[in-house]
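The structure under discussion appears below in the form of structure tokens.
All residue numbers in this chain count up from 1 along the given sequence.
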Amino acid sequence: MTNDDTGTGIDRRGVLKTIGGATAGIGLLSGTASAHRWAFDGCESVCTDTDGNYAVVEAGVRYEGRKLPAAPERDAPWGHDNTFCYTAADDERVVAFIEEDEYRKGEGCTLHVNPNDCVSVGADEILSLIDRDTIGACDDVLYPACDPTLPEADWVDFARTFEAERDASAQSLIRTSDGGFALVGRRMTGDGNVDASLLVTDGDGDVEFDRTYGGDETEVTYDVVETSDGGFAMAGLTRSYGEGSYSAWLVKTDGDGNVEFTEAYGDGLRDRAFGLVQTADGGFVLGGDTTPPDSLDSSFYLVKTDEAGDETFSRTYDGGTARAMIQTSDGGFALTGSTFLQDSDENAALFLKTDDEGDEEFSTAIDSEGVWSANALVQTDDGGFALAGSGVAEGRAGECWLVKTDEAGEEEFVRSYGGDALDLADGVVQTEDGGYALAGLTESFDAGGSDIYFVRTDESGEVTSERVYGSCGHDRARDLVRTTDGGFALAGDVAGSERIRPTEMALVKTAADLE
């Protein structure tokens, strides 16, 4: 599974992508291929010398376009001698810049990703999270028409999409005890709020109930468990409740999705939970990351609660941004995500193991070339671990990778998959034969947009089969589970390229005994 509030994936430095006849990619600190002049100042602001452009800021679970106003001392409407700037508010980062190509009379718009380590994703991920209502004349250019209908395939039992009022995305998936599925994520309401979502289906993908949770601000759920009493518990983030800009959030429901309690945790600027387990004592452990009020540097974060959601302890660990957490066979916990390596000036996957009290046992960075961020992990039958994620490789937009470690976190092998464009993994499971299955997205094997990418490997990580599945638009699997018939279920989202917002939750069930 993976997070969606800041995006997940890859920093595509130097990568270009065509959007509506223009180029979306990485600009230099000043200067572009057109006659415009523009510059980023860290993560704080972006300025340009022409009107009609937009700063893209990180704003909760989406990116928003903000029109660049003229500087007060230079308030003429247009011209190279004028300066137009946007300065981020305290809870924002400027992550990109949308340049209207006025010299082409609106024939194209260019998206430039901020190169100042302000965002860990690339152009496509930013586009997929932009609130299109905040973008002006670039709208039709950035979002050409497409019908995102999932096709039939001989290896797919069924594919379901679940229509949302404006936008929805499934972040995590579990099998339920009655043979169905539970998907959690986010959903944008008609008034623009983002609510946490829980959608439960039967074994055929037909909806049993569909609920949203939250207040007047942003809420997202990233992981879900079916609880010992037949209900559900979800973990994520909340902006409506708690102390910081975002707080880690726990929601407990009964078997029909009715809320029994919610609790918020953390006192940092931003606290988030991406993993959740129910412990043997009936309580819960949430794993994620925390960012202190006076810093932009995140640390791994673990919270233990009793069965009523009251905190019993919390721990923070030096490291970075979290993506997933699991309970290990010895009763401890493992967290993974990404960290910044000062000595190499690169990002790397970070893997951390604790005991059952949350005391750190070891922490290791996967410093292999191309490995950028771990988005999912699973403990393997031999007591080791498998991590899957995204990275950067020379000559490629991005790669999907798998790392196998022993029980002490020592690397055993690294494998990468995909083609010449962007590929990444958001979910991983170990298969019955000791191999692995990964799910994510690919642009390498799609004529436009992105498709669901599904990879099977043997126990050494060598590919045994690859499958690409999706519509004409942008499709992504964010989690997967094994099913009792020997197949798999994948959850994520689909969107036509004109409907990058809204997206729809998707559930895909593969054929039984899939090779």
Using modelled atom types only, decide if a donor and an acceptor are shared between the side chain of Asp195 and the backbone of Gly214 within a distance under 3.5 Å. no
About how many Å separate CZ of Phe333 and CG of Leu286, when rounded to the nearest 0.5 Å? 10.5 Å
Which atom names give the shortest non-hydrogen contact between Ala388 and Gly427, and what distance separates them? CB-O, 4.4 Å
Quiz item: cation-pi between Arg272 and Phe274, 6.0 Å / 45°: no
Given 3.5 Å as the limit, does a donor-acceptor pair link the side chain of Tyr213 with the main chain of Thr221, or not? no
Indicate yes or no for a side-chain donor-acceptor contact from Tyr469 to the backbone of Pro151 under 3.5 Å, with no hydrogens or angles considered. yes
Does any non-hydrogen side-chain atom of Asp210 lie less than 4.5 Å from one of Ser197? yes
Could you tell me whether a side-chain N or O of Ser444 sits under 3.5 Å from a main-chain N or O of Ala421, the two making a donor and an acceptor? yes
Please assess Leu350 against Thr321 for the test side-chain contact (heavy atoms from CB on, under 4.5 Å), listing each intermediate value before the final yes or no. CA-CA 9 Å; Leu350 182 65; Thr321 301; over 6 Å; no
Heavy-atom donor-acceptor pair, Ser450 side chain to Asp475 backbone, under 3.5 Å: yes
For the backbone of Gly358 and the side chain of Tyr317, can you confirm whether one donor and one acceptor N or O come within less than 3.5 Å of each other? yes
Taking all non-hydrogen atoms of both residues into account, name the closest pair between Leu150 and Ser471 and its distance. CD2-N, 4.1 Å
Might you point out which heavy atoms bring Tyr436 and Asp458 nearest each other, and give the distance in Å? CD1-O, 3.7 Å
Taking side-chain hydrogen bond (donor to acceptor under 3.5 Å, both in side chains) as the definition, give me every residue that meets it alongside Glu217, ordered by chain and number, with sequence neighbours left out. none
Using the test side-chain hydrogen bond (donor to acceptor under 3.5 Å, both in side chains), find all partners of Glu92 that sit at least two apart in sequence or belong to another chain. Arg66, Tyr86
side-chain hydrogen bond (donor to acceptor under 3.5 Å, both in side chains) with Glu208: which residues, sequence neighbours excluded? none
Restricting to non-hydrogen atoms, name the atom on Val429 and the atom on Leu480 that form the minimum distance, rounded to 0.1 Å. CG1-O, 3.6 Å
Among Asp451, Thr442, Asp493, Asp426, which residue satisfies the side-chain hydrogen bond (donor to acceptor under 3.5 Å, both in side chains) criterion with Arg476? Asp426
Just checking, is any N or O donor in the side chain of Ser172 or Asp223 under 3.5 Å from an acceptor N or O on the other one? yes
Tell me, yes or no, whether the heavy-atom count around Glu311 atom CD, taken from other residues, nucleotides or ligands under 6.0 Å, exceeds 12. yes
Just checking, is any N or O donor in the side chain of Gln327 or Thr279 under 3.5 Å from an acceptor N or O on the other one? no
Audit row: Leu507, Leu173, side-chain contact (heavy atoms from CB on, under 4.5 Å) steps and yes/no: CA-CA 9 Å; Leu507 174 66; Leu173 167 72; 4.0 Å; yes
Is it true that a side-chain atom of Arg315 and a backbone atom of Lys304 form a donor plus acceptor pair closer than 3.5 Å? no
Report the residue from Glu462, Glu459, Glu399 that forms a salt bridge (Lys or Arg N to Asp or Glu O under 4.0 Å) with Arg415. Glu462
Taking only residues two or more places apart in sequence or in another chain, which ones pass side chain to side chain contact (heavy atoms under 4.5 Å, CB included) with Thr291? Arg270, Ser298
Any donor-acceptor pair under 3.5 Å from Trp372 side chain to Ala348 backbone: no
Thr483: what forms a side chain to side chain contact (heavy atoms under 4.5 Å, CB included) with it, not counting sequence neighbours? Arg175, Phe181, Asp485, Ala489, Lys509
Please list, chain by chain and in numerical order, all residues satisfying side-chain hydrogen bond (donor to acceptor under 3.5 Å, both in side chains) with Ser465, sequence neighbours excluded. Arg467
Hey, which of Asp310, Asp229, Asp306 is the one that makes salt bridge (Lys or Arg N to Asp or Glu O under 4.0 Å) with Lys252? Asp229
State the CZ-OG1 distance between Arg456 and Thr464, to the nearest 0.5 angstrom. 5.5 Å
For Gln278 and Thr227, which heavy atoms make the closest approach, and how far apart are they? OE1-CA, 3.3 Å
So, do Phe488 and Phe454 have ring centers that fall under 6.0 Å from each other? yes
Has Asp216 got more than 12 heavy atoms of other residues, nucleotides or ligands less than 6.0 Å from its CG? no
Side chain Asp256, main chain Asn258, donor-acceptor under 3.5 Å: no
Minimum heavy-atom distance Gly309-Leu250, with the two atoms named: CA-CD2, 4.1 Å
Hey, mind stepping through Arg478 and Ser169 against side chain to side chain donor-acceptor pair (under 3.5 Å) and telling me if it holds? CA-CA 9 Å; Arg478 298 180 184 270; Ser169 175; 3.3 Å; yes
Does Arg160 make a cation-pi contact with Phe162, if we ask for NZ or CZ under 6.0 Å from the ring centre and within 45° of the axis? no
Between Thr290 and Asp271, a side-chain donor and acceptor under 3.5 Å: yes
Heavy-atom count around Glu307 CD within 6.0 Å, excluding the residue itself: above 12? no
Sole candidate of Val403, Thr336, Thr405, Leu335 that passes side-chain contact (heavy atoms from CB on, under 4.5 Å) when paired with Leu377: Thr336
